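Heads up: the structure comes next, in structure tokens.
Since we're looking at a predicted model, the values are computed, not measured.
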Amino acid sequence: MPDLPFLDSFDHYLTVDGYQKWTSGVTILAAGGRRGTNGASVFANGIIKTFNAEYGTLYAGAAFMNPGNALFKFTNALSGLNVALNTVGDGRLQILGTDPTNPNLFPPPLWSAVTPPILNGRWYYIEMMAAVSMNGITVSVRINEQTVLTATCSFFGTLTTHAAWATFNIQGAGGGGFTNVDDVYVNQTGFYGDVNIGVIRPDGPSSTMWIPSPTVANYLNVDDITPDGDATTVASATVGDLDLYTMQDIPANAIVKAIQGIASVKKDTAGLASLELQYGSGASLFSDEFYPSETSYIMLRDGREDINTASAINALVFGPKRIK
């Protein structure tokens, strides 16, 4: 299964739910996105996501209005790696970072590269590729799908461990200001371009084995606009239980780059429990096995690029399967 590290439209949860998805949490701004949908309101050091794995190359994109500090920052705390696309203060964006093999050395020439200026009060879709090896970093930046910066830097020495990105950070304006952010992706495969990230929800039953509470059709308890905790749930006490739901359709002419299946899950007592997300029936695709925490909900996120047509999505049934 292709591993897609992260997607977010900010349209399927509230600020109180932010720690289910982001390492740092996030402030959701109603109608703060670029299409009248939700967006993130990002301040100062912003929002952080530490991934489930380390990646030598990552591509990231997001819509920004009034960017501040670092739009994108990739780091690895174990090796000291970091590279960021920072605001200069005059509308231009600049690459900044340090050489982890010689952190006291003044930053090498890569870090002085700058883009043409952008304006406040307007949306821009900005993307960044950062590739790292034992010997250096290569960066490429696009604004509204136009390449505006490409730069490469060699390290002073050789990075012998954790030469890969582990954490992703979007920062925001300081001094009492904030940055609007929408439609965020992080992948390994290439620039997606200026993308809209939408949300579809269950709209009917397909199979029913998990127990709904309250006792209604199973899909009605998992079609929440935002997570509602214990108010509406489906639950399983039996290994092998499978709940599948039909999903809302997307336009037949939609161009699909990737999808992300999400379930907000917890276990209600101590002990071994796990589940997978299943896509389809019969010859199905599955998420990685997920082991939930007791009491607190966490979002099982399964980003993937192998379901990538409108027809496949519109034919899809989707839901949880109890594994342990």
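Looking at Arg304 and Asp302, a side-chain N of the basic residue comes within less than 4.0 Å of a carboxylate O on the acidic one, giving a salt bridge. A salt bridge is defined here as a Lys NZ or Arg NE, NH1 or NH2 lying under 4.0 Å from an Asp or Glu carboxylate O, and Glu289 with Lys324 meets this definition. Using a cutoff of 4.0 Å between basic side-chain nitrogens and carboxylate oxygens, Arg34 and Asp183 are scored as salt-bridged. A salt bridge is absent between Asp194 and Arg142; no separation between the charged side-chain nitrogens and carboxylate oxygens falls under 4.0 Å.
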| task | Go through Asp8 and Lys21 one step at a time and tell me if the salt bridge (Lys or Arg N to Asp or Glu O under 4.0 Å) criterion holds. | result | CA-CA 9 Å; Asp8 208 343; Lys21 190 167 188 181; 3.4 Å; yes
| query | Does the pair Tyr55 and Asn76 meet the rule for a side chain to side chain donor-acceptor pair (under 3.5 Å), with working shown? | reply | CA-CA 10 Å; Tyr55 303 94; Asn76 191 321; over 6 Å; no
| message | ring pair (Phe, Tyr, Trp, His ring centres under 6.0 Å), that's the test. Do Tyr124 and Phe64 meet it? Break it down for me. | response | CA-CA 5 Å; Tyr124 292 84; Phe64 289 90; 9.8 Å; no
| When you look at Met129 and Val139, which way does the side-chain contact (heavy atoms from CB on, under 4.5 Å) test go after all the steps? | CA-CA 5 Å; Met129 182 280 294; Val139 175; over 6 Å; no
| request: Using the salt bridge (Lys or Arg N to Asp or Glu O under 4.0 Å) rule, take Lys266 and Asp230 through it: C-alpha gap first, then chi angles, then the decisive distance, then the call. | output: CA-CA 10 Å; Lys266 71 172 185 177; Asp230 293 336; 3.1 Å; yes
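Checked against the 6.0 Å centroid threshold, Phe74 and Phe168 count as a close aromatic pair. For an aromatic pair to be called close, the ring centres must be under 6.0 Å apart, and Tyr279 with Phe318 satisfies this.
For Ile255, the CD1 atom is loosely surrounded, since the number of other residues' heavy atoms within 6.0 Å does not exceed 12. Heavy atoms of other residues, nucleotides or ligands lying less than 6.0 angstrom from CG of Asp268 number 12 at most.
Checked by atom type and distance alone, the side chain of Asp17 pairs as donor or acceptor with a backbone atom of Leu14 at under 3.5 Å. Looking at Tyr291, its side chain never comes within 3.5 Å of a backbone N or O of Leu275 through a donor-acceptor pair.
Between Trp22 and Phe10, the two ring planes are parallel [angle under 30°; tilted spans 30° to 60°].
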